[in-house]
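These numbers come from the heavy atoms of this one structure, side chains and all, not from hydrogens, waters or symmetry mates. In this chain, residues are counted from 1 in sequence order.
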Amino acid sequence: MFDYVSNKPTQESGRPRYKTAIVSGVAHVVVIGLAVGLPILYANEALPTPPDMIAFVMAAPPPPPPPPPPAPAAPEKKPTAPAKPTQPTMQVRKPIVQANPVAAPIEAPSSVRPETGLEGNVATGSAKIDAGFENNTNTGVVGGAVGGIDVGAPAPPPPPAPKPIPQGPVRVGGQIKAPQLLNKVNPAYPMAAHAAQVEGSVVLEATVNKAGRVQNVRAVRGHSLLEGAAIAAVKQWTYEPLVLNGQPTPFILTVTLNFSIPR
């Protein structure tokens, strides 16, 4: 390269000039890069300290103020005994004792008083005394206290309430006895049952009205060939009226009829 600058030809004058220029440019770039990069690389190890102004601005905030002192503790209160409830004072009135004019005096009287006529429990004078009922043998108590109150004889107990009268018919049995039968009609033996040689008992339930006449009859148990004749006979029966609490009452009773073929 220096040969070209001094215009002195060399033995390599036959090599093209552009190749030499490229090699020279690359060498310059490498040298300049090393000159610029090395200071920057080594400069990162020791950074310059910031100025005082920046250091003052970026300083840590001041510490918070100290907390306020705690409040003084309240003085402990000594437990006081609970106040006893005051009971209301009641004024008790003293009974007024009436002097008995006929009682013997404790001390000798200063003067002689006239007789009242009550001496010896014999009221002969006109004087009155608010005494009890010691002399009243009708409403008072013999030997009662002075100033007693005549309460009179106790009131008699109220009469017992009457038993309620049943609204519907009552069933005969237990304490309710069946009234006496006044008219009884025997049933006729049915021809069909006689031909079929049917015998047995028929149980009926009859309802009797207040006058003692049978109103309704129904079969409870028995042969069907015998029920019709039994019902027709019982409907003709008559009873005495059933009286409860002084009132005639309808009733229900059970009737049993036996059927047997005559021999």
Side-chain angles (χ1 to χ4, degrees), residues 87-88 90 95 121 123 130-263:
Q87 297 181 355
M90 298 179 61
N121 293 333
D130 293 334
F133 297 95
E134 58 271 14
N135 295 326
N136 192 343
T137 57
N138 295 328
T139 58
V141 179
V142 177
V146 175
I149 299 174
D150 185 7
V151 296
K163 295 182 180 179
I165 301 174
Q167 300 296 331
V170 296
R171 185 173 294 276
V172 173
Q175 296 181 356
I176 302 176
K177 297 181 179 180
Q180 184 177 359
L181 180 60
L182 300 179
N183 183 23
K184 180 179 180 181
V185 177
N186 294 324
Y189 210 106
M191 297 299 295
H194 189 276
Q197 299 294 313
V198 175
E199 295 180 345
S201 300
V202 177
V203 179
L204 305 176
E205 186 178 77
T207 303
V208 184
N209 60 10
K210 297 180 180 180
R213 298 183 179 277
V214 178
Q215 283 186 335
N216 186 21
V217 181
R218 70 180 186 91
V220 178
R221 185 176 63 255
H223 200 279
S224 59
L225 296 177
L226 304 175
E227 289 179 357
I231 293 175
V234 173
K235 283 185 176 181
Q236 302 178 35
W237 292 7
T238 305
Y239 290 87
E240 288 185 353
L242 177 63
V243 179
L244 294 178
N245 298 331
Q247 299 292 334
T249 306
F251 60 93
I252 300 173
L253 76 164
T254 302
V255 179
T256 302
L257 298 179
N258 297 320
F259 288 85
S260 59
I261 299 174
R263 298 290 188 255

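- Taking the side chain as every heavy atom from C-beta outward, V170 and L244 approach each other to under 4.5 Å.
- With rounding to the nearest 0.5 angstrom, the OH atom of Y239 is 8.5 Å from the NZ atom of K184.
- When all heavy atoms of A229 and A188 are compared, the pair lying nearest together is CB-O, 3.3 Å.
- Between R171 and I176, every side-chain heavy-atom pair lies at or beyond the 4.5 Å cut-off.
- Atoms CH2 and CG, on W237 and L204 in that order, are 8.0 Å from each other to the nearest 0.5 Å.
- Considering all non-hydrogen atoms of both residues, L225 and A196 come closest at CD1-CB, 4.4 Å.
- Looking only at distances, a side-chain donor or acceptor of N209 sits under 3.5 Å from a matching main-chain atom of A211.
- Shortest non-hydrogen contact noted between Q236 and N183 is O-ND2, 3.6 Å.
- Of the inter-residue distances, the one linking K235 atom NZ with N216 atom CG reads 7.0 Å to the nearest 0.5 angstrom.
- Annotation: side chain of V208 is not in contact with side chain of L242 (no heavy-atom distance under 4.5 Å).
- Residues I252 and T207 share a closest heavy-atom pair of CG1-OG1, 3.9 Å.
- Taking all atoms of both residues into account, the shortest heavy-atom contact from E199 to Y189 is CG-OH, 3.6 Å.
- Closest non-hydrogen pair, E227 versus A219, comes out as CD-CB, 3.6 Å.
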